[in-house]
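Scroll down for the structure; my scribbles are underneath it.
Values below: every heavy atom of this structure, side chains too, minus hydrogens, waters and symmetry copies. The chains referred to below are lettered A, B, ... by the order of the sequence lines, with proteins before strands, and numbering in each begins at 1.
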There are 2 protein chains.
Amino acid sequence: MSAMEKIAIIEDDPGIRTVLRLAVRGFATVCEAERGDEALALVVRERPSLVLLDLMLPGLDGLEVCREIRRTPSVASTPIIMLTAKSAEEDIVRGLEMGADDYITKPFSKAVLIARIKAVLRRPASAQGPVRLLSGLTVDEASRTAAVDGHPLALTRSEFDLLAVLVARPGRVYTRPQILAHVQGEEKDVTERTVDTLMVGLRRKLGEWAAHVETIRGIGYRLTP
Amino acid sequence: MSAMEKIAIIEDDPGIRTVLRLAVRGFATVCEAERGDEALALVVRERPSLVLLDLMLPGLDGLEVCREIRRTPSVASTPIIMLTAKSAEEDIVRGLEMGADDYITKPFSKAVLIARIKAVLRRPASAQGPVRLLSGLTVDEASRTAAVDGHPLALTRSEFDLLAVLVARPGRVYTRPQILAHVQGEEKDVTERTVDTLMVGLRRKLGEWAAHVETIRGIGYRLTP
DNA sequence: GTTTCTTTGTCAGGATTGTGTCAGGAAAAT
DNA sequence: ATTTTCCTGACACAATCCTGACAAAGAAAC
């Protein structure tokens, strides 16, 4: 994070906007929109490195905004952090399904906010080259190869895609429907439990690295860096 | 960027065309069209390494031109930079969705223009001269000959093109549609399985080198270095 | 602490899909 | 006209995937 990052704030409450703006001052510039239907245009124009997205918005619902961003190729990979009321757990799950990277429940402390933001920004920006994780896991999308400590893994197509999804954003939780959507390009109307079965094979082949693949009970799976 | 690049300019305003032509002089030659319905033919004929595409065109809309190019396999991967009025945000979004690589809003400065162009061009340099791989495979695009341990191979046109694609990026996985797009310059609406059949012939002629041609089940093929 | 309910791990077979291969005819090159 | 190359369709075989069932592990209720 050598240069200044740019963060887009989509939030209708001026008070919260100010809080956010002040919180990130020091390591990021901001651009703002207060209506959901202005959000996509703002993101396309400004190409922020992160989007803070309130779920309760006038004009267009936050979840819809999230989906729009993910469907627009030029900005589809922009990280999104949702801001949501503590109670709306259902929205959280749906938001994650829709491709949000993380969520923060209101009210939030400045410390938590900054920590989450930095955690998201600190990720390798969707680079093309091979992704390398600490403990020696290497995943290369171009050659579709994966290796642990230089030792290549014989993964099936689905297993590789599964691993690729998790590796794309280490630490982020993926729900089963979300994983299925990535693993089988099209909808094929498949039981969610299929993911578990795939995970068995993947974990087996990962050997001791399998310990990094965490099950988040009630939600899905994630990779711990 | 060792050699001179070729840039296609699709723009109806003669004044802007001149500005563009002068701006890129020094590192690129140009070919031009003023009508949208001439654009695809120009691109197919000239095979430019970049297309500058105005969105407001007589004959055929710029967005349509963009889509046509992306749908024509032989030139589908040509980078496209859109030229658009600042206000037309909707068009920008749709253009990016349609596969454009970048956009520049009018009026633009010469510096921005050149920076964007060079950024786009500065990618996969298709190297020239014979390519040599470790185990003794030699592929020379110029003379269209290939040899294993100095022993020339009698490849058909398609077989050579197929090998050339794989050799261009050893290790990278190519899907069948991708391979077809390269092997048959024009779109010919051919079954994907044709690639398999070609691969049979290629592998046979490669002899023991065939072991380096890997099948990635469910995806395509790849060369192992 | 025990019971009950939900969620996940695991496995084995059957269904599905992908690939190697070939032969024959169309298309192109000579 | 002859030869070469290309494409299609079919078949067999193999890899992989999905389902359904049960066991195990947590979480919640009592």
Side-chain angles (χ1 to χ4, degrees), chain A residues 89-90 93 96 144 146 153-166 173-224, chain B residues 73-74 144-146 153-166 173-207 210-223:
Chain A
E89 292 193 11
E90 187 180 325
V93 173
L96 292 174
R144 293 190 67 87
L153 304 174
L155 302 180
T156 69
R157 184 186 67 79
S158 299
E159 286 165 358
F160 181 87
D161 287 338
L162 170 55
L163 179 59
V165 170
L166 296 180
V173 182
Y174 288 86
T175 66
R176 289 182 179 74
Q178 219 174 332
I179 292 174
L180 276 181
H182 280 87
V183 167
Q184 351 175 308
E186 299 302 311
E187 286 196 41
K188 286 197 103 184
D189 160 61
V190 173
T191 311
E192 290 188 5
R193 298 303 312 287
T194 298
V195 175
D196 299 52
T197 305
L198 286 176
M199 200 66 74
V200 171
L202 178 59
R203 279 176 165 153
R204 190 169 292 156
K205 291 173 183 176
L206 279 176
E208 58 181 29
W209 223 91
H212 294 256
V213 180
E214 274 187 308
T215 305
I216 309 302
R217 194 185 175 78
I219 305 291
Y221 297 89
R222 113 181 127 187
L223 227 61
T224 61
Chain B
S74 63
R144 294 189 65 83
T145 55
L153 303 174
L155 301 180
T156 69
R157 184 189 68 79
S158 300
E159 286 165 357
F160 180 86
D161 287 338
L162 170 55
L163 179 59
V165 171
L166 296 180
V173 180
Y174 289 86
T175 65
R176 290 181 179 74
Q178 279 175 333
I179 292 174
L180 276 180
H182 281 87
V183 167
Q184 354 175 319
E186 302 301 314
E187 64 174 294
K188 278 200 127 187
D189 174 51
V190 173
T191 310
E192 290 187 5
R193 296 305 311 287
T194 298
V195 175
D196 298 56
T197 306
L198 286 176
M199 199 67 73
V200 171
L202 177 60
R203 279 175 165 154
R204 194 168 287 156
K205 292 174 183 175
L206 279 176
H212 293 256
V213 181
E214 273 187 308
T215 304
I216 310 302
R217 179 172 250 267
I219 305 292
Y221 296 91
R222 150 184 87 186
L223 226 63

If you assign B:Arg176 and A:Arg176 each to the DNA chain C nucleotide with the nearest heavy atom, which residue ends up on the more 5' nucleotide? A:Arg176
From B:Leu162 atom CG to B:Tyr174 atom OH, the distance as rounded to the nearest 0.5 Å: 11.0 Å
Using five base pairs at each end to define the local axes, how bent is the helix from C:dG1-D:dC30 to C:dT30-D:dA1, to the nearest 10°? 40°
For B:Leu180 and D:dT8, what is the distance between atoms CG and P respectively, to the nearest whole Å? 9 Å
Using a 4.0 Å heavy-atom cut-off across all strands, classify B:Val200 as base, sugar-phosphate, or nothing. base
Would you classify A:Arg193 as touching base, sugar-phosphate or nothing, given that sugar-phosphate means primed atoms plus P, OP1 and OP2, and contacts are heavy atoms under 4.0 Å? base
For residues 213-220 of chain B, which side-chain donor-acceptor pairs fall under 3.5 Å, sequence neighbours excluded?
| from | atom 1 | to | atom 2 | distance (Å) |
| --- | --- | --- | --- | --- |
| B:Glu214 | OE1 | B:Arg222 | NE | 3.0 |
| B:Glu214 | OE1 | B:Arg222 | NH2 | 2.8 |
| B:Thr215 | OG1 | B:Arg203 | NH2 | 2.7 |

As a test of reading the structure: which of C:dT10, D:dC18, D:dT8 is closest to the side chain of A:Val190, going by heavy atoms? D:dC18
5'-most contact on DNA chain D (nearest-nucleotide basis), B:Arg217 vs B:Leu155, goes to B:Leu155
State, yes or no, whether a side-chain contact exists between B:Glu159 and B:Leu206 at a heavy-atom distance under 4.5 Å. no
Candidate pair A:Leu198 and A:Leu202, rule side chain to side chain contact (heavy atoms under 4.5 Å, CB included), full reasoning: CA-CA 6 Å; A:Leu198 286 176; A:Leu202 178 59; over 6 Å; no
Would you compute the distance between atom CD1 of A:Ile179 and atom CD of A:Gln184 and round it to the nearest 0.5 angstrom? 11.5 Å
Most 5' of B:Gly220 and B:Thr197 on DNA chain C, judged by nearest nucleotide: B:Gly220
